[in-house]
Amino acid sequence: MHQKQMKLSQSKIPLLDSINLNETINSGQVFLWEKKEKSWYGINGQDIIEISENPLKIKSLSHSEDRFFRFDDSIEEIFTNISRDKIVKNAIKRFRGLRLLRQDPFQCYISFIVSSNSNIQNIKNCLKKICVNFGEKIEFQNYEFHLFPTAEDISKKSIQDLLECGLGYRAKYVKKASQDVVNGKIDFEYLKKVDYHTAKTKLLERFGIGNKVADCILLFSLEKLDSFPLDTWMMKILKKYYYEKIPFEGKTLTPKKYDELHEEIVKYFGPYAGYAQQFLFKMERENYQKKWL
DNA sequence: TACTAACCTGTACG
DNA sequence: ACGTACAGGTTAG
(Lines give C-alpha, C1' and ligand atoms only; values in the text may rest on other atoms or scores of the structure.)
Protein backbone atom coordinates (compact mmCIF):
# COMPACT_ATOMS: atom_id res chain seq x y z
CA MET A 1 0.00 0.00 0.00
CA HIS A 2 2.68 2.39 1.05
CA GLN A 3 4.91 1.30 -1.77
CA LYS A 4 2.16 1.67 -4.31
CA GLN A 5 1.47 5.21 -3.23
CA MET A 6 5.15 6.08 -3.42
CA LYS A 7 5.31 4.73 -6.93
CA LEU A 8 2.26 6.72 -7.97
CA SER A 9 3.51 10.01 -6.63
CA GLN A 10 6.95 9.48 -8.12
CA SER A 11 5.53 8.84 -11.55
CA LYS A 12 3.49 12.03 -11.39
CA ILE A 13 6.49 14.26 -10.90
CA PRO A 14 7.62 14.34 -14.56
CA LEU A 15 4.10 15.25 -15.60
CA LEU A 16 3.86 17.90 -12.94
CA ASP A 17 7.32 19.17 -13.78
CA SER A 18 6.29 19.88 -17.36
CA ILE A 19 3.60 22.26 -16.13
CA ASN A 20 4.20 25.95 -15.72
CA LEU A 21 2.02 26.63 -12.71
CA ASN A 22 2.28 30.37 -12.83
CA GLU A 23 1.14 30.47 -16.44
CA THR A 24 -1.61 27.95 -15.84
CA ILE A 25 -3.04 29.61 -12.78
CA ASN A 26 -2.92 33.02 -14.43
CA SER A 27 -4.74 32.01 -17.57
CA GLY A 28 -8.23 33.05 -16.56
CA GLN A 29 -9.46 29.52 -15.90
CA VAL A 30 -9.31 29.54 -12.11
CA PHE A 31 -9.76 32.29 -9.58
CA LEU A 32 -9.19 30.77 -6.16
CA TRP A 33 -5.48 30.06 -6.09
CA GLU A 34 -2.91 31.78 -3.90
CA LYS A 35 0.71 31.40 -3.05
CA LYS A 36 1.65 31.17 0.62
CA GLU A 37 5.36 30.97 1.34
CA LYS A 38 6.63 28.18 -0.91
CA SER A 39 3.42 26.53 -2.06
CA TRP A 40 0.46 27.27 -4.24
CA TYR A 41 -2.94 26.41 -2.79
CA GLY A 42 -6.12 26.16 -4.78
CA ILE A 43 -9.74 25.61 -3.86
CA ASN A 44 -11.50 23.12 -6.11
CA GLY A 45 -15.00 22.48 -4.86
CA GLN A 46 -14.75 20.43 -1.67
CA ASP A 47 -11.03 19.90 -2.19
CA ILE A 48 -7.85 21.86 -1.60
CA ILE A 49 -4.86 21.24 -3.85
CA GLU A 50 -1.33 22.13 -2.83
CA ILE A 51 1.73 22.31 -5.03
CA SER A 52 5.05 22.88 -3.39
CA GLU A 53 8.30 23.53 -5.16
CA ASN A 54 11.75 22.39 -4.01
CA PRO A 55 11.07 19.60 -3.79
CA LEU A 56 8.24 19.51 -6.28
CA LYS A 57 5.24 17.89 -4.63
CA ILE A 58 1.52 17.74 -5.09
CA LYS A 59 -1.05 17.01 -2.46
CA SER A 60 -4.76 17.39 -1.94
CA LEU A 61 -7.47 16.64 0.59
CA SER A 62 -9.26 14.07 -1.55
CA HIS A 63 -6.58 13.01 -4.06
CA SER A 64 -8.18 14.68 -7.05
CA GLU A 65 -4.97 16.24 -8.34
CA ASP A 66 -4.40 13.81 -11.22
CA ARG A 67 -7.83 14.61 -12.56
CA PHE A 68 -7.43 18.33 -11.96
CA PHE A 69 -4.26 18.63 -14.04
CA ARG A 70 -5.58 16.27 -16.71
CA PHE A 71 -2.65 13.90 -16.48
CA ASP A 72 -4.89 11.47 -18.38
CA ASP A 73 -4.67 13.62 -21.54
CA SER A 74 -1.94 12.78 -24.05
CA ILE A 75 -0.67 16.29 -24.12
CA GLU A 76 1.91 15.85 -26.87
CA GLU A 77 -0.66 14.26 -29.15
CA ILE A 78 -3.06 17.08 -28.47
CA PHE A 79 -0.39 19.68 -29.19
CA THR A 80 0.31 18.00 -32.51
CA ASN A 81 -3.36 17.74 -33.26
CA ILE A 82 -4.17 21.42 -32.69
CA SER A 83 -1.04 22.74 -34.39
CA ARG A 84 -2.91 23.63 -37.54
CA ASP A 85 -1.00 26.81 -38.29
CA LYS A 86 1.92 28.98 -37.25
CA ILE A 87 -0.10 31.03 -34.79
CA VAL A 88 -1.09 28.12 -32.54
CA LYS A 89 2.28 26.45 -33.02
CA ASN A 90 4.06 29.54 -31.73
CA ALA A 91 1.62 29.98 -28.86
CA ILE A 92 2.28 26.39 -27.77
CA LYS A 93 6.00 26.89 -28.10
CA ARG A 94 5.85 30.03 -26.00
CA PHE A 95 3.52 28.62 -23.33
CA ARG A 96 4.44 24.96 -23.45
CA GLY A 97 3.76 24.63 -19.71
CA LEU A 98 0.21 25.97 -19.90
CA ARG A 99 -2.44 23.35 -19.14
CA LEU A 100 -6.16 23.06 -19.38
CA LEU A 101 -7.60 22.24 -15.96
CA ARG A 102 -10.49 19.98 -15.05
CA GLN A 103 -12.41 21.90 -12.43
CA ASP A 104 -15.13 21.07 -9.97
CA PRO A 105 -18.32 21.59 -12.00
CA PHE A 106 -20.34 23.52 -9.44
CA GLN A 107 -17.54 25.91 -8.59
CA CYS A 108 -16.81 26.41 -12.28
CA TYR A 109 -20.50 27.02 -13.05
CA ILE A 110 -20.81 29.68 -10.36
CA SER A 111 -17.41 31.19 -11.18
CA PHE A 112 -18.31 31.91 -14.78
CA ILE A 113 -21.79 33.17 -13.97
CA VAL A 114 -20.03 35.63 -11.67
CA SER A 115 -17.52 36.50 -14.41
CA SER A 116 -20.01 38.06 -16.80
CA ASN A 117 -19.20 41.67 -17.65
CA SER A 118 -16.64 41.82 -14.87
CA ASN A 119 -12.87 41.70 -14.60
CA ILE A 120 -10.46 39.14 -13.21
CA GLN A 121 -9.73 41.00 -9.99
CA ASN A 122 -13.37 41.59 -9.23
CA ILE A 123 -14.25 37.98 -10.02
CA LYS A 124 -11.56 36.78 -7.62
CA ASN A 125 -12.81 39.08 -4.87
CA CYS A 126 -16.40 37.91 -5.27
CA LEU A 127 -15.53 34.21 -5.29
CA LYS A 128 -13.24 34.59 -2.31
CA LYS A 129 -16.06 36.22 -0.36
CA ILE A 130 -18.46 33.47 -1.39
CA CYS A 131 -16.04 30.93 0.12
CA VAL A 132 -15.30 32.87 3.27
CA ASN A 133 -18.93 33.74 3.93
CA PHE A 134 -20.58 30.42 3.01
CA GLY A 135 -17.94 27.71 2.63
CA GLU A 136 -16.78 25.21 5.22
CA LYS A 137 -13.70 26.27 7.13
CA ILE A 138 -10.87 23.73 6.94
CA GLU A 139 -7.39 23.52 8.33
CA PHE A 140 -4.81 22.19 5.88
CA GLN A 141 -1.02 22.31 6.22
CA ASN A 142 -1.38 24.65 9.19
CA TYR A 143 -3.33 27.19 7.22
CA GLU A 144 -7.00 28.01 7.35
CA PHE A 145 -8.98 27.65 4.15
CA HIS A 146 -12.60 27.91 3.14
CA LEU A 147 -13.94 25.34 0.71
CA PHE A 148 -16.29 26.38 -2.07
CA PRO A 149 -19.85 26.22 -0.72
CA THR A 150 -22.13 23.49 -2.04
CA ALA A 151 -25.22 24.17 -4.14
CA GLU A 152 -27.34 23.49 -1.05
CA ASP A 153 -25.35 26.05 0.94
CA ILE A 154 -25.78 28.83 -1.59
CA SER A 155 -29.40 28.05 -2.44
CA LYS A 156 -30.36 28.70 1.18
CA LYS A 157 -28.78 32.16 1.29
CA SER A 158 -30.78 35.31 0.76
CA ILE A 159 -30.16 37.71 -2.10
CA GLN A 160 -28.99 40.15 0.53
CA ASP A 161 -26.35 37.65 1.73
CA LEU A 162 -25.16 37.20 -1.83
CA LEU A 163 -25.05 40.95 -2.48
CA GLU A 164 -22.60 41.22 0.39
CA CYS A 165 -20.17 39.19 -1.71
CA GLY A 166 -20.10 42.03 -4.25
CA LEU A 167 -22.08 40.16 -6.88
CA GLY A 168 -24.34 43.04 -7.84
CA TYR A 169 -27.04 42.07 -10.32
CA ARG A 170 -25.46 38.61 -10.61
CA ALA A 171 -26.65 37.74 -7.08
CA LYS A 172 -30.00 36.54 -8.41
CA TYR A 173 -28.31 34.48 -11.12
CA VAL A 174 -26.11 32.76 -8.56
CA LYS A 175 -29.02 31.93 -6.26
CA LYS A 176 -31.15 30.59 -9.08
CA ALA A 177 -28.27 28.61 -10.54
CA SER A 178 -27.69 26.97 -7.17
CA GLN A 179 -31.37 26.13 -6.80
CA ASP A 180 -31.30 24.58 -10.26
CA VAL A 181 -28.57 22.20 -9.14
CA VAL A 182 -30.44 21.31 -5.96
CA ASN A 183 -33.71 20.64 -7.76
CA GLY A 184 -32.01 18.65 -10.50
CA LYS A 185 -32.63 20.95 -13.45
CA ILE A 186 -28.86 20.93 -13.78
CA ASP A 187 -27.20 17.54 -13.37
CA PHE A 188 -23.47 17.71 -13.94
CA GLU A 189 -23.00 13.95 -14.20
CA TYR A 190 -25.56 13.86 -17.00
CA LEU A 191 -23.99 16.86 -18.71
CA LYS A 192 -20.59 15.14 -18.66
CA LYS A 193 -21.99 12.12 -20.50
CA VAL A 194 -23.90 13.80 -23.28
CA ASP A 195 -22.38 15.58 -26.27
CA TYR A 196 -21.45 19.23 -26.55
CA HIS A 197 -24.63 20.39 -28.21
CA THR A 198 -26.99 18.60 -25.83
CA ALA A 199 -25.15 19.80 -22.73
CA LYS A 200 -24.94 23.34 -24.02
CA THR A 201 -28.65 23.52 -24.75
CA LYS A 202 -29.37 22.51 -21.15
CA LEU A 203 -27.06 25.17 -19.75
CA LEU A 204 -28.47 27.90 -22.00
CA GLU A 205 -31.94 27.30 -20.60
CA ARG A 206 -30.73 28.60 -17.25
CA PHE A 207 -31.11 32.23 -16.26
CA GLY A 208 -27.83 34.13 -16.38
CA ILE A 209 -26.02 31.69 -18.65
CA GLY A 210 -25.35 32.76 -22.22
CA ASN A 211 -23.15 31.31 -24.95
CA LYS A 212 -19.80 32.35 -23.57
CA VAL A 213 -20.40 31.33 -19.97
CA ALA A 214 -21.88 28.01 -21.06
CA ASP A 215 -18.82 27.25 -23.17
CA CYS A 216 -16.46 28.03 -20.29
CA ILE A 217 -18.35 25.67 -17.99
CA LEU A 218 -18.36 22.95 -20.66
CA LEU A 219 -14.66 23.26 -21.44
CA PHE A 220 -13.32 23.71 -17.94
CA SER A 221 -15.44 21.23 -16.03
CA LEU A 222 -17.65 19.06 -18.23
CA GLU A 223 -15.29 17.23 -20.56
CA LYS A 224 -16.21 19.15 -23.70
CA LEU A 225 -12.86 19.73 -25.33
CA ASP A 226 -14.62 20.86 -28.50
CA SER A 227 -16.02 23.83 -26.64
CA PHE A 228 -14.41 27.13 -27.67
CA PRO A 229 -15.56 30.12 -25.58
CA LEU A 230 -15.94 33.19 -27.78
CA ASP A 231 -15.35 36.30 -25.72
CA THR A 232 -14.18 39.75 -26.69
CA TRP A 233 -10.56 38.55 -26.66
CA MET A 234 -11.17 35.60 -28.91
CA MET A 235 -13.09 37.79 -31.34
CA LYS A 236 -10.10 40.12 -31.45
CA ILE A 237 -7.84 37.15 -32.14
CA LEU A 238 -10.06 35.75 -34.89
CA LYS A 239 -10.19 39.12 -36.62
CA LYS A 240 -6.48 39.69 -36.23
CA TYR A 241 -5.02 36.30 -37.16
CA TYR A 242 -7.78 34.23 -38.73
CA TYR A 243 -9.55 36.71 -40.94
CA GLU A 244 -9.09 34.56 -44.04
CA LYS A 245 -9.33 31.09 -42.54
CA ILE A 246 -12.35 31.72 -40.33
CA PRO A 247 -14.14 34.78 -41.71
CA PHE A 248 -16.63 36.61 -39.60
CA GLU A 249 -19.08 39.19 -40.93
CA GLY A 250 -21.12 41.70 -39.00
CA LYS A 251 -20.62 43.81 -35.96
CA THR A 252 -22.35 41.84 -33.24
CA LEU A 253 -22.15 38.20 -32.28
CA THR A 254 -25.77 37.08 -32.23
CA PRO A 255 -26.61 33.61 -30.88
CA LYS A 256 -27.05 32.29 -34.41
CA LYS A 257 -23.69 33.67 -35.52
CA TYR A 258 -22.06 32.33 -32.39
CA ASP A 259 -23.22 28.83 -33.33
CA GLU A 260 -22.12 29.14 -36.94
CA LEU A 261 -18.74 30.48 -35.93
CA HIS A 262 -18.25 27.71 -33.38
CA GLU A 263 -18.98 25.16 -36.05
CA GLU A 264 -16.37 26.66 -38.38
CA ILE A 265 -13.85 26.74 -35.54
CA VAL A 266 -14.31 23.06 -34.69
CA LYS A 267 -13.99 22.21 -38.39
CA TYR A 268 -10.71 24.08 -38.44
CA PHE A 269 -9.12 23.20 -35.08
CA GLY A 270 -10.64 19.77 -34.60
CA PRO A 271 -11.92 17.90 -31.53
CA TYR A 272 -9.44 19.60 -29.17
CA ALA A 273 -10.38 23.10 -30.26
CA GLY A 274 -10.78 24.11 -26.61
CA TYR A 275 -7.11 23.46 -26.00
CA ALA A 276 -6.25 25.73 -28.93
CA GLN A 277 -8.49 28.42 -27.47
CA GLN A 278 -6.59 28.32 -24.21
CA PHE A 279 -3.23 28.88 -25.90
CA LEU A 280 -4.50 31.61 -28.21
CA PHE A 281 -6.19 33.39 -25.34
CA LYS A 282 -3.07 33.25 -23.20
CA MET A 283 -0.95 34.54 -26.06
CA GLU A 284 -3.11 37.56 -26.72
CA ARG A 285 -3.63 38.44 -23.05
CA GLU A 286 0.10 38.33 -22.52
CA ASN A 287 0.79 40.54 -25.55
CA TYR A 288 -1.75 43.04 -24.37
CA GLN A 289 -0.54 43.15 -20.77
CA LYS A 290 3.00 43.88 -21.89
CA LYS A 291 1.90 47.26 -23.14
CA TRP A 292 0.92 48.30 -19.65
CA LEU A 293 4.12 47.31 -17.92
C1' DT B 1 -33.96 37.67 -36.16
C1' DA B 2 -30.74 41.66 -35.33
C1' DC B 3 -29.52 45.53 -32.67
C1' DT B 4 -29.24 48.43 -28.23
C1' DA B 5 -29.37 49.92 -23.79
C1' DA B 6 -29.19 48.89 -18.99
C1' DC B 7 -26.95 46.50 -15.54
C1' DC B 8 -23.82 45.96 -9.93
C1' DT B 9 -19.23 46.81 -8.61
C1' DG B 10 -14.48 48.22 -8.34
C1' DT B 11 -10.72 50.49 -10.27
C1' DA B 12 -8.00 53.00 -13.55
C1' DC B 13 -7.72 56.96 -16.04
C1' DG B 14 -8.71 62.12 -17.39
C1' DA C 1 -10.99 65.53 -6.13
C1' DC C 2 -14.74 63.71 -8.92
C1' DG C 3 -16.71 62.08 -13.22
C1' DT C 4 -16.36 58.68 -16.81
C1' DA C 5 -15.15 54.40 -18.95
C1' DC C 6 -14.58 49.71 -18.94
C1' DA C 7 -14.24 44.71 -17.53
C1' DG C 8 -13.34 37.30 -20.79
C1' DG C 9 -21.66 39.05 -20.91
C1' DT C 10 -26.69 38.50 -20.42
C1' DT C 11 -31.23 39.96 -20.50
C1' DA C 12 -35.14 42.65 -21.84
C1' DG C 13 -37.18 45.51 -25.15
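Letters go in sequence order (proteins before strands), and every chain restarts at 1.
- Remark: the separation of the P atoms in B:dG10 and C:dT11 is 23 Å, to the nearest Å.
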Determine whether A:Glu53 and A:Lys35 satisfy the following criterion, salt bridge (charged side-chain N to carboxylate O under 4.0 Å, His left out), listing intermediate values before the conclusion.
CA-CA 11 Å; A:Glu53 296 160 313; A:Lys35 198 166 190 178; 3.3 Å; yes
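- Here A:Arg170 does not reach the OP1 or OP2 of C:dT10: none of its side-chain N or O atoms lies under 4.0 Å away.
- We find that CG of A:Asn211 is positioned 13 Å from P of B:dA2, with the value rounded to whole Å.
- Within 4.0 Å (heavy atoms only), A:Ser27 reaches at least one base atom of the nucleic acid.
- Because its NZ or CZ atom is not both nearer than 6.0 Å to the ring centre of A:Phe188 and within 45° of the ring axis, A:Lys193 does not count as a cation-pi partner of that residue.
- A distance of about 23 Å separates the P atoms of C:dA1 and B:dT9, rounded to the whole Å.
- Mapping A:Gly208 and A:Gln278 onto DNA chain C by nearest heavy atom places A:Gln278 at the nucleotide closer to the 5' end.
- Residues that satisfy the ring-ring contact (aromatic ring centres under 6.0 Å, His included) test with A:Phe112, not counting sequence neighbours, are A:Phe31, A:Phe220.
- Going from atom CD of A:Glu205 over to atom C1' of C:dT10 covers 16 Å, rounded to whole Å.
- Look at the P atom in both C:dT10 and B:dT11: the space between them is 24 Å, to the nearest Å.
- No engagement by A:Cys126 is indicated, since no non-hydrogen atom pair under 4.0 Å with the nucleic acid exists.
- C:dC6 atom P lies 14 Å from atom CH2 of A:Trp233, rounded to whole Å.
- Judged by atom type and distance alone, A:Asn117 does not reach the base of C:dT10 through any side-chain donor-acceptor pair under 3.5 Å.
- Counting non-hydrogen atoms under 4.0 angstrom, A:Phe112 reaches nothing in the nucleic acid.
- A:Tyr241 is linked by a ring-ring contact (aromatic ring centres under 6.0 Å, His included) to nothing, counting only residues two or more places apart in sequence or in another chain.
- Here the separation of C:dG8 from B:dC13, taken at their P atoms, is 14 Å to the nearest Å.
- Put simply, OH on A:Tyr109 is 14 Å from P on C:dT10, counting in whole angstrom units.
- Between the C1' atom of C:dT11 and the NZ atom of A:Lys176 lies a distance of 13 Å, rounded to the nearest Å.
- B:dC7 atom C1' lies 5 Å from atom OH of A:Tyr169, rounded to whole Å.
- Side-chain proximity of A:Phe207 to B:dC8, C:dA12, C:dG8: nearest is C:dA12.
- Base engagement by A:Gly28 is indicated by at least one non-hydrogen atom pair under 4.0 Å involving a base atom.
- Of the candidate nucleotides C:dT10, C:dG8, B:dC3, C:dT10 has the atom lying nearest to any side-chain atom of A:Val213.
- Applying the 6.0 Å contact sphere to NZ of A:Lys57 captures no more than 12 heavy atoms from other residues, nucleotides or ligands.
- More than 12 heavy-atom neighbours from other residues, nucleotides or ligands sit within 6.0 angstrom of NZ on A:Lys172.
- The gap from the P atom of B:dA6 to that of C:dT4 amounts to 15 Å, rounded to the nearest Å.
- Atom P of nucleotide C:dA5 and atom CG of A:Asn122 are separated by 19 Å, given to the nearest angstrom.
- Between A:Tyr41 and A:Tyr143, the gap from one ring centroid to the other is short of 6.0 Å.
- Remark: DNA chain C forms stems of 3 or more consecutive Watson-Crick or G-U wobble pairs, all pair distances under 3.5 Å, at B:3-7 with C:9-13, B:9-13 with C:3-7.
- Side-chain contact annotation: A:Asn26 with A:Asn22, donor-acceptor N/O pair under 3.5 Å present.
- Aromatic pair A:Phe248/A:Tyr243: centroids not less than 6.0 angstrom apart.
- Heavy atoms of A:Ser115 sit nowhere under 4.0 angstrom from any nucleic acid atom.
- Using a 4.0 Å heavy-atom distance criterion, A:Ile123 is classed as making no nucleic acid contact.
- As a whole-Å value, the separation of A:Leu167 CG from B:dC8 P is 12 Å.
- Minimum atom distance to the side chain of A:Thr254 is reached by B:dC3, of the listed B:dC3, B:dT9, C:dG8.
- Taking the side chain of A:Ser116 as heavy atoms from C-beta on, and the options C:dG8, B:dC3, C:dG9, the nearest nucleotide is C:dG9.
- Using a 4.0 Å heavy-atom distance criterion, A:Glu284 is classed as making no nucleic acid contact.
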